[in-house]
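Step one of this worksheet: look at the structure below.
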Amino acid sequence: MDKLLVIVGPTGVGKSKYSIELAKQLNGEIISGDAYQIYKAMSIGTAKITKEEMQGIPHYLVDELNFDHPYSVADFQRLARKHIETIISKGKLPIICGGTGLYIKAVLYDYVFEKEEVDEEYKAQLKNYSNEELYEQLRIIDAKSLETIHINNRQRVERALMIAHSGKLKSDIVDEQQHKLLYDATIIGLTLPREQLYEKINQRVNTMMETGLLSEIEQLLNTANKTNIEEVWNLQAMKGIGYKEWKNYFDKVATKEETIALIQKNSRNFAKRQYTWFNNQLEVNWINVTTKEETLKRALEIFKK
RNA sequence: GGUUCCAUAGCUCAGUCGGUAGAGCAAUGGAUUGAAAAUCCAUGUGUCGUUGGUUCAAUUCCAACUGGAACCA
């Protein structure tokens, strides 16, 4: 099995900084395991690493898509695996660094995403039913999938119906998998005491404002090739934290201060959800971030073990 | 200095005609297989400001004190 280093952790903990240091020491190249840093023109709000900060370390899946393009786990899985091979063929260590738990798990484990064509007509039809009706439909088609889907989670109920509609059942696809690691992956999680992390997150949002988050948003709205502004706000990329919150500001129903506070809160809530994922879905070796030297030393120890 | 009002969960407040209390927000835990920075689920013990008094029983009534607010001087 190919050796791999994975760096995870909540937003704001300092993953990028450590990934660079580790890449330098381990002769590695970095693949971003992140759902939003792939978008060009979305840099401040995604806390994207700058060219200078990269210090010449090659990065993949950063700045590769226009913000009106969709991006999914399946895309990430395919692209990341391709990049892993490329990096290994150069005799270097692939380092996945990011905060999107599902994406990272989908690469490391044998998640299978069948080829599928979206039946737009069927998809539109689903909108006509209530949550209860959709849930009952799914019970008939794929009862087993209900075990992990709550009736109110319409997004997932619809998705499971879509999967069934295009061929295999979601529960069958999952059952056929081994749920084993495909790589010799060392997963390192960077963490901070909750209060400290929240303080850092709040501060980071303030810094984003100082470095021009608002003008980044304005630019996105201006360059969007859409006649209807609502369509822009509905883009997948605009659902990101630090972006979606500005809709109310531009609609003049929220002040700038309220918007900033909301971004901070959503970021904190997100960090908590990330912990839930990393704690329960992946085998993470946690390192409490202290000084740079000590943290790096711990990371190298864990990797070499 | 005087009068009146307020003091209950991290915050804003409700409430108990005396039987130890509950909303919103925040927070916490969890689920997660093509939107995942998305979507969804669950969770409310707090010396009811302090000290006394009345009472079988006080967070509730009474008094003093402490802190705060408004008004009068």
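Computation of the quantities below employed the complete heavy-atom set of this structure, encompassing side-chain atoms and omitting hydrogens, waters and symmetry-equivalent molecules. Throughout, protein chains are lettered first and strands after them, A, B, ... in sequence-line order, and every chain is numbered starting at 1.
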*Rounding to the closest angstrom, what is the interatomic distance between U16(B) and C56(B) at atom P?*
24 Å

*Measure from NZ on K272(A) to P on U43(B) and round the result to the nearest Å.*
14 Å

*Quick one: is T276(A) getting a side-chain N or O under 4.0 Å of the G29(B) phosphate, OP1 or OP2?*
no

*asked:* Give me the distance, rounded to whole Å, that separates A14(B) from A7(B) when you measure between the C1' atoms they each carry.
replied: 15 Å

*Closer than 4.0 Å, any side-chain N/O of K105(A) to the OP1 or OP2 of U33(B)?*
no

*Kindly say whether, by distance alone, the side chain of R156(A) makes a donor-acceptor pair under 3.5 Å with the base of A38(B)?*
yes

_SB check D184(A) K3(A) (cutoff 4.0 Å)_ = yes

*Does a side-chain N or O from N152(A) land closer than 4.0 Å to OP1 or OP2 of U39(B), or not?*
no

*Is a donor-acceptor contact shorter than 3.5 angstrom present between the side chain of N153(A) and the base of A31(B)?*
no

*Flag the pair K247(A) and E230(A) as a salt bridge only when some basic side-chain nitrogen lies within less than 4.0 angstrom of an acidic carboxylate oxygen.*
yes

*Can you spot which of K48(A), K40(A), Q37(A) makes a side chain to side chain donor-acceptor pair (under 3.5 Å) with D63(A)?*
K48(A)

*asked:* Does G29(B) have its OP1 or OP2 closer than 4.0 Å to a side-chain nitrogen or oxygen of R194(A)?
replied: yes

*Expressed in whole Å, how much space separates the C1' atoms belonging to C11(B) and G46(B)?*
14 Å

*Indicate whether OP1 or OP2 belonging to A37(B) is found under 4.0 Å from a side-chain N or O atom of Q236(A).*
no

*Span that lies between the C1' atom of A36(B) and that of U20(B), in whole angstrom*: 45 Å

